[in-house]
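All remarks here apply to the structure that follows.
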Amino acid sequence: MIELRNITYHVKDEAGEKDVLDDVSLTLGGRFVALTGPNGGGKSTLAKVIAGIIRPTSGKVFWNGEDITDLSVTERAKKGISYAFQQPVRFKGLTVKDLLSIAAGKNATVASACEYLSEVGLCARDYLDREVNASLSGGELKRIEIATILARGTKLSLFDEPEAGIDLWSFSNLISVFETMREKTRGDIVIISHQERILSVADEIIVLSGGKVQKQGARAEILPAILNSGATCKTLESKLEKAAQSGAARRDRA
């Protein structure tokens, strides 16, 4: 379980100074959490703070009660926290089987590698000896990345907009992969997304806007407030913006 206490991330650039994250405190302990909200609201920054990719300006990060604020991304990975970028990394000269072996921390047998790949809907015989390079499509890379997470057996898996850069068919299959992962994983999954189909299978939804948590709760409680049936991604983002503004206004009145 990840606990964030009073996390602030302050930046200064050509546009001036601002808090990308502003005194964020929350606990992530649900099986499948969707982190959503308007673009620029701080979602990716929050995930990178959890993973140890960036260090907060102030505040503390706890993992199962242990203060890991000063631990590096590598040290956090060893504790079972993984982070998947929007665009998976390609490794020229490294085969899919090699990558699965590195993730598992041991030489993956053909049988075990096939099991991981079949879990994400890939035919192992077609992929084991392929290089993890530009010959693979975005959807294939996303699935292989998820297979490496399964091989590692991570306790917390963070995905930053996994639907980015893949076609509709691949996205539809990716949803099925996450649903399977949700059912079989023994750890927690946090996915940053605007997509209705991802929000609709999450156990918990967190809305982040302006660097603050505007809403957090069970899907049945949060989703109706930000989404009408059949909403498109574009209208969903508009609804998220309005929902976040509404939440902020209620707090100000209180």
Side-chain angles (χ1 to χ4, degrees), residues 1-73 75-76 79-86 155-161 188-194 199 202-219 221-223 225-226 236-254:
M1 180 176 69
I2 278 283
E3 182 185 359
L4 305 177
R5 297 182 189 173
N6 308 111
I7 294 294
T8 294
Y9 185 65
H10 187 82
V11 297
K12 182 178 181 180
D13 55 25
E14 295 177 355
E17 299 184 23
K18 67 174 182 178
D19 289 328
V20 179
L21 296 174
D22 186 4
D23 196 32
V24 173
S25 294
L26 58 82
T27 299
L28 299 175
R31 292 270 323 275
F32 190 158
V33 178
L35 181 59
T36 191
N39 284 333
K43 302 183 298 298
S44 293
T45 301
L46 184 67
K48 289 175 181 177
V49 166
I50 293 172
I53 297 171
I54 61 177
R55 182 184 174 87
T57 305
S58 62
K60 295 288 186 179
V61 181
F62 291 85
W63 172 244
N64 295 325
E66 177 189 357
D67 185 351
I68 61 170
T69 309
D70 295 329
L71 296 189
S72 68
V73 62
E75 291 169 320
R76 296 188 198 196
K79 289 184 176 294
I81 300 173
S82 66
Y83 181 89
F85 291 91
Q86 287 187 24
K155 299 173 183 176
L156 174 64
S157 304
L158 301 157
F159 294 90
D160 191 352
E161 297 192 26
D188 295 331
I189 304 170
V190 177
I191 299 182
I192 299 172
S193 181
H194 291 139
L199 270 60
D203 298 311
E204 181 180 0
I205 297 174
I206 297 171
V207 180
L208 192 69
S209 177
K212 292 180 176 291
V213 175
Q214 306 294 347
K215 295 177 181 291
Q216 179 179 7
R219 177 185 67 236
E221 173 191 352
I222 302 299
L223 192 56
I226 60 174
L236 172 55
E237 184 158 341
S238 175
K239 290 175 186 294
L240 289 167
E241 181 75 56
K242 292 177 181 177
Q245 291 172 352
S246 175
R250 282 196 296 273
R251 285 200 311 276
D252 291 341
R253 288 196 297 271

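Throughout, residue positions are numbered sequentially from 1 according to the sequence presented.
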Within the distance-only criterion (no hydrogens, no angle test), does the side chain of [X] pair as donor or acceptor with the backbone N or O of [Y] below 3.5 angstrom?
X	Y	value
Ser25	Asn6	yes
Arg55	Ser72	no
Thr36	Ser193	yes
Arg76	Leu71	yes
Ser157	Ile189	no

Non-neighbouring partners of Thr57 that pass side chain to side chain contact (heavy atoms under 4.5 Å, CB included), sequence neighbours left out: Tyr9, His10

Taking only residues two or more places apart in sequence, or in another chain, which ones meet Thr8 in a side chain to side chain contact (heavy atoms under 4.5 Å, CB included)? Asp19, Asp23, Ser58

Side chains of [X] and [Y]: does their closest heavy-atom pair fall under 4.5 Å?
X	Y	value
Phe32	Ile191	yes
Leu46	Leu4	yes
Trp63	Lys79	yes
Thr45	Val11	no
Leu156	Met1	no
Leu28	Ile206	yes
Ile81	Ile2	yes

Quick one: do Ile68 and Glu75 satisfy side chain to side chain contact (heavy atoms under 4.5 Å, CB included)? Show the steps, please. CA-CA 9 Å; Ile68 61 170; Glu75 291 169 320; over 6 Å; no

[atom1]/[X] to [atom2]/[Y] distance, rounded to the nearest 0.5 angstrom?
X	Y	atom1	atom2	answer
Asn39	Ser44	CG	OG	9.0 Å
Ile192	Glu161	CD1	CD	7.0 Å
Glu3	Glu66	CD	CD	13.0 Å
Lys215	Leu223	NZ	CG	11.5 Å
Leu158	Lys48	CG	NZ	12.0 Å

Closest non-hydrogen atoms of Gly59 and Pro56, given as atom of the first, atom of the second and distance, are O-CG, 4.4 Å

Leu208 vs Leu21, test: side chain to side chain contact (heavy atoms under 4.5 Å, CB included). Steps then yes/no. CA-CA 9 Å; Leu208 192 69; Leu21 296 174; 4.2 Å; yes

Which is it for Tyr83 and Ile53 under the side chain to side chain contact (heavy atoms under 4.5 Å, CB included) test, yes or no, and what are the steps along the way? CA-CA 9 Å; Tyr83 181 89; Ile53 297 171; 3.5 Å; yes

Do NZ/NE/NH1/NH2 and the carboxylate oxygens of Arg31 and Asp203 come within less than 4.0 Å? no

What do the steps show when you test Asp188 against Val33 for side chain to side chain contact (heavy atoms under 4.5 Å, CB included), and what is the final call? CA-CA 8 Å; Asp188 295 331; Val33 178; over 6 Å; no

